[in-house]
Each structure stands twice: as C-alpha cells, then as structure tokens.
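Just below is one structure, and these are the notes that go with it.
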Amino acid sequence: MILLRHEIKRNLRSLLIWAISIGLLSAGCILLFKSLEESMQGMADAYSNMGAFSAALGMDKLNVSTLEGFYATEVGLMFAIGGAMFGAMTGAVMLSKEEEGHTCEFLVTLPWGRGYIYFWKYAAVVLLVLLFNIVTFLFILMGFAGIGEMPKVRELALYHGAQLCMQLEIGSICYLISAVTKRRQIGAALGLAMLLYMVDLMCRIIPDIENLKYITPYYFSNGADIFASGSVEKGMVLISLIAMAVSVAIGAVIYGRRDLAA
C-alpha cells in the first residue's frame, strides 16, 4: 500500500495533464455539436456512402448528425486513442524507470520482495488508468450538460466500460515490456497503441484479414459498434481479460528471475 501511494503521487502530474487534456478536447467537441448539427445533417448521407472510409470509422452504422453518432465517431476516436496512449505510457515506465534511474538497487533491498513490488506497481497502473477515466468522464458529462442533451445511458456506460478494458489490456502488455527491459520504452509503447489502432482500421476494411480483430482491443471497444448494437462482444472482452492476465503473469515470472540493473 505504501508503494501504491508513492506511485500515485509520483504520477499525479502526468495523470492530470493527460486526463485534463483529453477531457477538455472531448468536452469541447461535444459543445460544438449544437453549432454543427444543422450542417452535419447534409453531410451524414455523404459520410455513410464513402465505402471503406465509412466502414473504418463506423459512419456506415450511425448517423453523425445525431449526438450518439457524433460522440461515437468523432469524440470517441480522440478518447480511444488518447486513453490507449496514456495506458501504454503508464504501463511502460512503471518498472523500467527504477533501473533507468538507478533506484532499483535500493528498492529491491527493502524487506518486501520482488513479487510485492511487481504487483503493487501493477495495482498503481490499474488505479491510474481508472482515475484517468473518471476525470475525463467528468469533463465529458460537463460537455453534455452544456448542450442539455445526453446519449442513451446504457450505451454510454457500455462504451466507457469497454474503453477502460481496452486501456487496461494495452497497459498490461506495456507493463510486461517494462518488466523485461532496463530502459523506459515510451516510444515502443505509444507505437504499440497506434499499431493496434491501425490493425482495427485495416481488419474493418479488408475482409481477408478480419480475424485480426481478435488481437486488437480497439475492435470490441469501438464506439460506433456499441452505440449501434447496444452491446459489447462478450467473447472478445474475455480474450482481452485473458491477455491482461497472461501479460501480468509472464511479466511476474521474468521480473522475479532476471538480473536487475543497479
């Protein structure tokens, strides 16, 4: 618990910068909806008939001139990428920063053990991602309050629950990367977040690689799919949870056995 509190305090500034930035961008776009609503009605048909582009962004499933369609395809895109990048960065630095900063030798000599360090630091990753979602969601709610309108509560809750799961999966994979490297791999983590997004786009456009949807958490957390169907694919959520558990377990084994740089 001491280690958890320490990591939350240490990462509080980064958390607030990311959460407030993404939250303000999301709320700002929501506030623009009323002024764009009339002009977007004429563009909705054009967007829905743009073939692969429409399918990739979900504009073939929802009308972007409605609040649900606008939020799922426009605001949701910023929130998904920003949240994934935050989760990736948080996971990637949590362990490796100790070796890179030459504080690892002090940390592992404390009467805790590597397992204690490993799992409390992972708890810090989970809590930071959760706090990020809470703060950004408060800004999003303020945006909805500003226009006096909200999407359906059930779909909104499902979407943000799926987004949390997606961010935790990417954060867990990057936590594994942090456990096996001696330096902070921020570039690799952010690259992974963007690569998985590109995989989601490609498997929506190209039918022959549709099965790649099982390796990218962006697929089941896609806002257009959730708002259009009113549900989340439970099988893919289960795959995501398994990926988290496997990543954390493999990282624990490797971190417990490898030589740590002083």
Side-chain angles (χ1 to χ4, degrees), residues 4-5 7-31 67-68 70-94 120-146 150-175 189-190 192-194 196-197 200 216-227 231-234 236-237 240-241 243-245 247-248:
L4 176 64
R5 289 200 300 267
E7 290 298 340
I8 297 301
K9 290 179 181 178
R10 193 173 180 181
N11 290 279
L12 184 60
R13 182 179 178 183
S14 174
L15 165 67
L16 291 176
I17 290 173
W18 276 87
I20 292 173
S21 298
I22 300 299
L24 283 174
L25 281 171
S26 300
C29 286
I30 293 170
L31 291 172
L67 180 59
E68 286 83 1
F70 181 78
Y71 183 75
T73 58
E74 306 294 335
V75 182
L77 177 61
M78 290 188 302
F79 180 80
I81 294 177
M85 292 174 71
F86 175 77
M89 184 191 70
T90 303
V93 304
M94 191 58 69
W120 276 112
K121 278 182 170 282
Y122 180 68
V125 173
V126 174
L127 184 54
L128 285 165
V129 171
L130 181 60
L131 290 172
F132 169 84
N133 280 269
I134 291 172
V135 174
T136 51
F137 191 63
L138 289 175
F139 278 97
I140 289 168
L141 288 179
M142 286 190 283
F144 289 138
M150 271 191 71
K152 296 177 181 177
V153 175
R154 182 175 182 276
E155 282 77 3
L156 187 66
L158 284 173
Y159 169 70
H160 281 278
Q163 285 291 308
L164 176 61
C165 186
M166 179 267 284
Q167 294 164 20
L168 288 175
E169 180 183 346
I170 293 176
S172 298
I173 294 170
C174 291
Y175 190 66
L190 297 180
L192 175 65
M194 295 308 300
L196 290 173
Y197 175 69
D200 175 53
T216 172
Y218 285 96
Y219 195 92
F220 74 82
S221 61
N222 181 273
D225 292 343
I226 294 172
F227 278 93
S231 64
V232 180
E233 291 191 41
K234 296 177 182 177
M236 296 191 70
V237 173
S240 180
L241 295 174
M244 287 184 221
S247 297
V248 174

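Side-chain atoms are counted along with the backbone in the values below, which use heavy atoms only and exclude waters and symmetry mates.
- Side-chain contact between Pro151 and Tyr159 is absent, with no heavy-atom pair separated by less than 4.5 Å.
- Scanning for side chain to side chain donor-acceptor pair (under 3.5 Å) contacts around Ser172 gives Tyr122, with sequence neighbours left out.
- In this structure, the side chains of Leu241 and Met244 come closer than 4.5 Å at one or more pairs of heavy atoms.
- Considering only heavy atoms from C-beta on, Met94 comes within 4.5 Å of Leu128 through its side chain.
- Atom-to-atom distance recorded for Thr90:OG1 and Lys121:NZ is 12.0 Å, nearest 0.5 angstrom.
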Steps toward side chain to side chain contact (heavy atoms under 4.5 Å, CB included) verdict (Asp225, Glu233): CA-CA 10 Å; Asp225 292 343; Glu233 291 191 41; 5.8 Å; no

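- When all heavy atoms of Gly87 and Val129 are compared, the closest pair comes out as CA-CG2, 4.1 Å.
- Summarising the geometry of Cys165 relative to Val237, their closest heavy-atom pair is SG-CG1, 4.3 Å, with the distance given to 0.1 Å.
- Atom CG of Leu77 is separated from atom CG of Asn222 by 9.5 Å, given to the nearest 0.5 angstrom.
- By the ring pair (Phe, Tyr, Trp, His ring centres under 6.0 Å) test, Tyr219 pairs with no residue at all, sequence neighbours left out.
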Test Gln167 against Ser221 for side chain to side chain contact (heavy atoms under 4.5 Å, CB included), laying out the working first. CA-CA 10 Å; Gln167 294 164 20; Ser221 61; over 6 Å; no

Using the side chain to side chain contact (heavy atoms under 4.5 Å, CB included) rule, take Leu156 and Phe227 through it: C-alpha gap first, then chi angles, then the decisive distance, then the call. CA-CA 8 Å; Leu156 187 66; Phe227 278 93; 4.2 Å; yes

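- The CD atom of Gln163 lies 8.0 Å from the CG atom of Asn133; values are rounded to the nearest 0.5 Å.
- Judged as a side chain to side chain contact (heavy atoms under 4.5 Å, CB included), and not counting sequence neighbours, the contacts of Val75 are Ser26, Cys29, Ile30, Phe70, Tyr71.
- Among all heavy-atom pairs drawn from Leu31 and Gly143, the shortest one is CD2-O, 3.7 Å.
- You'll find the side chain of Val125 stays beyond 4.5 Å of the side chain of Glu7, heavy atoms only.
- When all heavy atoms are compared, the tightest approach of Ala72 to Ala224 is CB-N, 3.8 Å.
- Applying the side chain to side chain contact (heavy atoms under 4.5 Å, CB included) test to Leu196 and every residue at least two apart in sequence or in another chain returns Ile170, Leu192, Thr216, Pro217, Tyr218.
- The side chain to side chain contact (heavy atoms under 4.5 Å, CB included) search around Val135 returns Ala19, Phe139, not counting sequence neighbours.
- In this structure, CG in Asn11 is found 13.0 Å from CH2 in Trp18, a value given to the nearest 0.5 Å.
- The minimum heavy-atom distance between Met166 and Phe220, with the atom names listed, is N-CZ, 4.2 Å.
- Atom CE of Met85 and atom CG of Leu190 lie 4.5 Å apart (nearest 0.5 Å).
- Evaluation of the side chain to side chain contact (heavy atoms under 4.5 Å, CB included) rule for Ala123 yields Leu4, Trp120 as partners, not counting sequence neighbours.
- The distance from the OG1 atom of Thr136 to the CG atom of Leu25 is 11.5 Å, given to the nearest 0.5 Å.
- Side-chain contact check for Phe86 versus Ile22: every heavy-atom pair is 4.5 Å or farther apart.
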In sequence, state the C-alpha distance, the side-chain angles, and the governing distance for Lys152 and Glu68, and then conclude on salt bridge (Lys or Arg N to Asp or Glu O under 4.0 Å). CA-CA 8 Å; Lys152 296 177 181 177; Glu68 286 83 1; over 6 Å; no

